[in-house]
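Below is one structure, written out as structure tokens; comments come after it.
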Amino acid sequence: MLKIQGLSKRYKTGDHALKGVSIEVPAGQVMALIGPSGAGKSTLIRCVNRLVEPTDGHVFLAGEEITGKGSGALRRLRRRMGMIFQEYALVERLTVMENVLSGQLGYVGFWRSYFRRFPQEAVDQAFQTLERVGLLDHVDKRADALSGGQRQRVGIARALLQNPDILLVDEPTASLDPKTSRQIMRLICEICAERDLAAIINIHDVPLAQMFAQRIVGLRAGEIVYDGPPEGLTDAV
Ligand code: ADP
Ligand code: ADP
């Protein structure tokens, strides 16, 4: 589903953050990206959706090259990548439902009046998705009235409503307590299995990654130092 070939990134102000990384993630696979701070995890995820421009290498989504695409094609490809962030990136004064539907527009800037003109089909799908993530009782609550775990469930629902081919998940549990972190990781992994959805989850909590991901990729100083099943992971990473 996702193919990363020889991906390198050198920021103007620094060293190489990624040094020729190659990874393929098939449909349905949940891959955890681990490694110490500064290893290049965020850079890798951001190069995939080109929030960061790679210096070298290629990224393909379902056979279509993302790298080198112009803004129109890039926007279309980005709609097939569901982004989930550590800090949720919710609009505080909007409700759960409004936040989830705002993802349908493909950007966060969003006006209330827009919501009223949403096709019924999108609203129906939003209800189904909110039920799946356990937020059906909270659809009309404002984002700023939610707990951390609930906020991340909104983030997940918003990403899912795009019907993505892959989830790109950047530190989804970094602001959550251990129990909520497990619940959120379990939810993401269950949904990926149900939908045959690929995911790359950037996560610094190694035990949590091992508990839920099918595959672990360890990065260190921009290079892959481990790529295999969770149980094969050693202290080397
Ligand atoms: P991780 O997500 O694993 O903590 P990052 O991808 O954030 O790693 O960072 C990898 C390296 O790139 C680090 O050395 C970091 O300082 C550097 N870096 C990240 N973002 C930028 C940036 N916008 N400009 C310059 N250097 C950056
Ligand atoms: P609760 O069951 O009350 O939610 P926990 O948050 O501790 O309590 O556990 C939630 C779920 O996390 C458990 O039902 C279990 O499936 C999973 N879990 C917890 N620890 C592990 C572990 N070490 N390995 C695999 N799954 C675990």
Side-chain angles (χ1 to χ4, degrees), residues 2-25 29-61 66-69 71 74 77-78 81-89 107-108 148 151-152 155-156 159 164 166-176 178 181 184-185 188-189 192 198-230 232-237:
L2 185 79
K3 188 169 169 181
I4 298 173
Q5 256 178 4
L7 195 67
S8 293
K9 173 64 187 178
R10 180 176 190 167
Y11 290 103
K12 283 199 187 77
T13 51
D15 279 344
H16 279 85
L18 291 176
K19 301 169 188 164
V21 168
S22 297
I23 307 170
E24 282 187 44
V25 189
Q29 184 176 73
V30 174
M31 190 203 93
L33 193 58
I34 65 166
S37 181
K41 304 183 295 296
S42 301
T43 299
L44 191 142
I45 279 198
R46 287 177 190 165
C47 281
V48 168
N49 65 8
R50 284 185 49 205
L51 288 173
V52 164
E53 278 302 329
T55 312
D56 208 356
H58 304 272
V59 180
F60 301 86
L61 182 65
I66 299 171
T67 29
K69 278 285 188 313
S71 59
L74 182 59
L77 280 163
R78 276 186 181 148
M81 298 184 266
M83 290 290 299
I84 299 173
F85 309 93
Q86 169 183 350
E87 292 301 341
Y88 325 114
Y107 59 91
V108 178
R151 293 165 71 81
Q152 193 54 286
I156 294 168
I166 187 163
L167 293 179
L168 301 177
V169 192
D170 200 1
E171 294 287 0
T173 64
S175 311
L176 303 175
S181 295
I184 291 296
M185 282 296 286
I188 292 172
C189 294
C192 285
I200 297 182
I201 306 182
N202 164 1
I203 185 164
H204 69 271
D205 184 331
V206 176
L208 198 58
Q210 286 181 290
M211 202 181 292
F212 292 103
Q214 293 145 20
R215 173 182 174 192
I216 308 265
V217 169
L219 271 188
R220 185 175 280 268
E223 290 178 292
I224 295 178
V225 292
Y226 180 83
D227 184 355
L233 196 63
T234 62
D235 292 342
V237 179

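Whatever order the structure lists ligands and atoms in, that order sets their numbers, starting from 1. Counting begins at 1 with the first residue of the sequence. The analysis underlying the following values was restricted to heavy atoms, covering all of them including side chains, and did not include hydrogens, waters or symmetry mates.
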Applying salt bridge (charged side-chain N to carboxylate O under 4.0 Å, His left out), can you list everything that pairs with Asp205, at least two apart in sequence or on another chain? none
Tell me every residue that passes salt bridge (charged side-chain N to carboxylate O under 4.0 Å, His left out) with Arg50, counting only those two or more places apart in sequence or in another chain. Glu53
Which protein residues come within less than 4.0 angstrom of ligand 1, counting heavy atoms only? Tyr11, Thr13, Ala17, Pro36, Ser37, Gly38, Ala39, Gly40, Lys41, Ser42, Thr43
Side chain to side chain donor-acceptor pair (under 3.5 Å): which pairs involve residues 14-25, sequence neighbours left out? none
Taking the side chain as every heavy atom from C-beta outward, state whether Asp170 and Gln86 have any pair of such atoms under 4.5 Å apart. no
Arg151, CZ: over 12 other non-hydrogen atoms inside 6.0 angstrom: yes
For Pro36, is there any backbone N or O sitting under 3.5 Å from a side-chain donor or acceptor partner on Arg220? no
